[in-house]
> 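Dropping the structure in here first, questions after.
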Amino acid sequence: MSLGYAEKLSFIEDVGQVGMTEFFDSAHVLQDKIEQLAKLIQKSRHLVVFTGAGISTSCGIPDFRGPKGIWTLQREGKPLPEASLPFHRAMPSMTHMALVELEKAGILKFVISQNVDGLHLRSGIPREKLAELHGNSFMETCPSCRAEYLRDFEVESIGLKETSRRCSVEKCGAKVRDTVLDWEDALPPKEMDLAEKHCRMGDVVLCLGTSLQITPACNLPLKSLRGGGKIVIVNLQKTPKDKKASLVIHGFVDKVIAGVMELLNMQIPPYIRIDLFQTILTQSLSSDKKFVNWTIRIASVHGLSAPLPFIKSVEVKLDFCTSFVIIVVFFFSQQHIPCCRHH
């Protein structure tokens, strides 16, 4: 999770069990369990995946309850862990992209996430097949017409508060709100209803990187049991739901899912990030009307005052024929495609 997100949360004394011991299955046991999971997925008719912070640790985002988790260190009075890169620059992991491939193949029917990092949407999971129970740090929504806006920058607030932007839907124009829950906020009914529906339909509910402690979200996988569904848990720590699971795997999520995809003979697609920006060119005559003054502005497609976190610098080069070239330097160097809109 984002350290910024954790710092914005209201103070609460009891955040549940933290500093949990990590367990690792032996190589032989791990391989056997990966094979069991691959068979379950192959035979499944309605696979649902339930994700937590452990799915994003390989993206450079610290978790909460592990030995070096945010809440673990807070309780011990130690400095918070440092994210390896800014929240907005985190890229989907191997597991995120594997889920995209499973969804495209028609195997994965629905994803339920407790994470607010926005990586499922960014990876390519369709919005209608995703329930983000705790919100999305990059999403704003209009309380009037329910329009959603996925930003390329982290929204400045949490707690369902009004932000500085307005809905762009014609004849609406209401102030939009952030979507990330604070402790006292109820889970969004639309997301929760969809999550419950798919868990009841699920014949396999695969829990990835979650301690399954936060209620009521942690009870969702159990709803599959009444219809004969199976629960599989992949997590480094033990969870309160382990006894209800048909299979518990103690190993790194990326390693487990990579092994499953290999056994299913499925490729994990690379992640290609696309960011949009606009260049605005304006001209005016000088006061003596002898020269033309050009103004060049690089702006976000989300609004002229919105942040552009993915741009490092802008250079303008002129030649003697009065033409110019705009050079934009990006923070990203691999698997990143910038797109420019001209005005």
Side-chain angles (χ1 to χ4, degrees), residues 1 12 14-18 20-23 25 33-34 36-56 63-66 69 71 95 98-99 102-103 107-116 120 125 128-135 181 183-251 253 256-257 260:
M1 288 296 120
I12 183 172
D14 183 15
V15 295
Q17 187 178 359
V18 298
M20 301 165 65
T21 303
E22 293 182 341
F23 296 89
D25 290 329
K33 290 182 177 180
I34 289 173
Q36 291 181 56
L37 175 55
K39 289 177 182 177
L40 284 172
I41 291 176
Q42 195 169 37
K43 294 178 181 178
S44 69
R45 298 181 307 279
H46 199 95
L47 172 66
V48 177
V49 171
F50 184 91
T51 67
I55 193 179
S56 297
D63 65 11
F64 284 110
R65 303 176 188 278
W71 290 336
T95 298
L99 296 182
L102 288 168
E103 186 280 323
I107 298 171
L108 174 59
K109 306 300 184 184
F110 201 74
V111 176
I112 304 165
S113 184
Q114 301 168 97
N115 298 341
V116 300
H120 283 303
I125 293 293
E128 65 273 13
K129 294 187 178 182
L130 172 67
E132 295 180 306
L133 300 180
H134 298 157
L181 306 186
W183 285 111
E184 69 274 11
D185 296 316
L187 295 183
K190 179 182 175 182
E191 308 289 311
M192 194 64 175
D193 289 347
L194 277 171
E196 288 184 356
K197 171 188 170 183
H198 283 278
C199 281
R200 288 194 183 98
M201 295 171 63
D203 54 356
V204 177
V205 178
L206 175 57
C207 303
L208 300 175
T210 171
S211 62
L212 293 169
Q213 288 196 54
I214 299 295
T215 57
C218 68
N219 293 319
L220 284 169
L222 302 182
K223 296 184 181 297
S224 66
L225 298 177
R226 182 171 293 183
K230 292 181 170 63
I231 297 173
V232 178
I233 299 173
V234 182
N235 200 51
L236 290 179
Q237 299 94 14
K238 294 180 179 179
T239 84
K241 312 301 181 186
D242 284 358
K243 292 181 180 179
K244 300 286 186 179
S246 298
L247 180 63
V248 176
I249 305 175
H250 293 301
V253 174
V256 171
I257 296 302
V260 167

> Output every pair passing side-chain hydrogen bond (donor to acceptor under 3.5 Å, both in side chains) with a member in residues 44-55, not counting sequence neighbours, ordered by first then second residue.
His46-His198, Thr51-Ser113, Thr51-His120
> Mind listing the side-chain donor-acceptor pairs of residues 214-229 below 3.5 Å, one per line with the distance, residues two or more places apart or on another chain?
unit_1 : atom_1 : unit_2 : atom_2 : d
Asn219 : OD1    : Lys241 : NZ     : 2.8
Ser224 : OG     : Pro221 : O      : 2.8

> Measuring from Ile233:CD1 to Ser211:OG, what's the distance to the nearest 0.5 Å?
10.5 Å
> Mark yes or no for whether His250, through its side chain, and Asn235, through its backbone, hold a donor-acceptor pair below 3.5 Å.
yes
> Has His134 got a side-chain atom pairing as donor or acceptor with Gln114's backbone, closer than 3.5 angstrom?
yes
> So do Leu133 and Met192 actually touch side chain to side chain, heavy atoms under 4.5 Å?
yes
> Can you sort out the partners of Ile34 under side-chain contact (heavy atoms from CB on, under 4.5 Å), two or more places apart, ordered by chain and number?
Leu30, Gln31, Val256, Val260, Leu263
> Run the side-chain hydrogen bond (donor to acceptor under 3.5 Å, both in side chains) test against Lys33 and tell me which residues pass, sequence neighbours left out.
Asp25
> Would you give the length of the straight line joining atom CG of Leu102 to atom CG of Leu206, rounded to the nearest 0.5 angstrom?
9.0 Å
> Calculate, to the nearest 0.5 Å, the distance between atoms CZ and CG belonging to Phe50 and Leu212 respectively.
6.0 Å
> List the residues meeting side-chain hydrogen bond (donor to acceptor under 3.5 Å, both in side chains) with Gln36, not counting sequence neighbours, and say none if there are none.
Asp32
> Can you tell me how far the CD1 atom of Ile55 sits from the OG1 atom of Thr210, to the nearest 0.5 Å?
10.5 Å
> Any side-chain heavy atom of Leu208 sitting closer than 4.5 Å to one from Ile257?
yes
> What distance separates Asp242 CG from Ile231 CD1, expressed to the nearest 0.5 Å?
10.0 Å
> Among pairs that include at least one residue of residues 186-197, which meet salt bridge (charged side-chain N to carboxylate O under 4.0 Å, His left out), considering only residues two or more places apart or in two chains?
Arg127-Glu191, Glu196-Arg200
> Out of curiosity, Leu247 CG to Lys39 NZ, how far, rounded to the nearest 0.5 Å?
12.0 Å
> Looking only at non-hydrogen atoms, find the nearest pair between Val204 and Leu40 and report the distance.
CG2-O, 4.0 Å
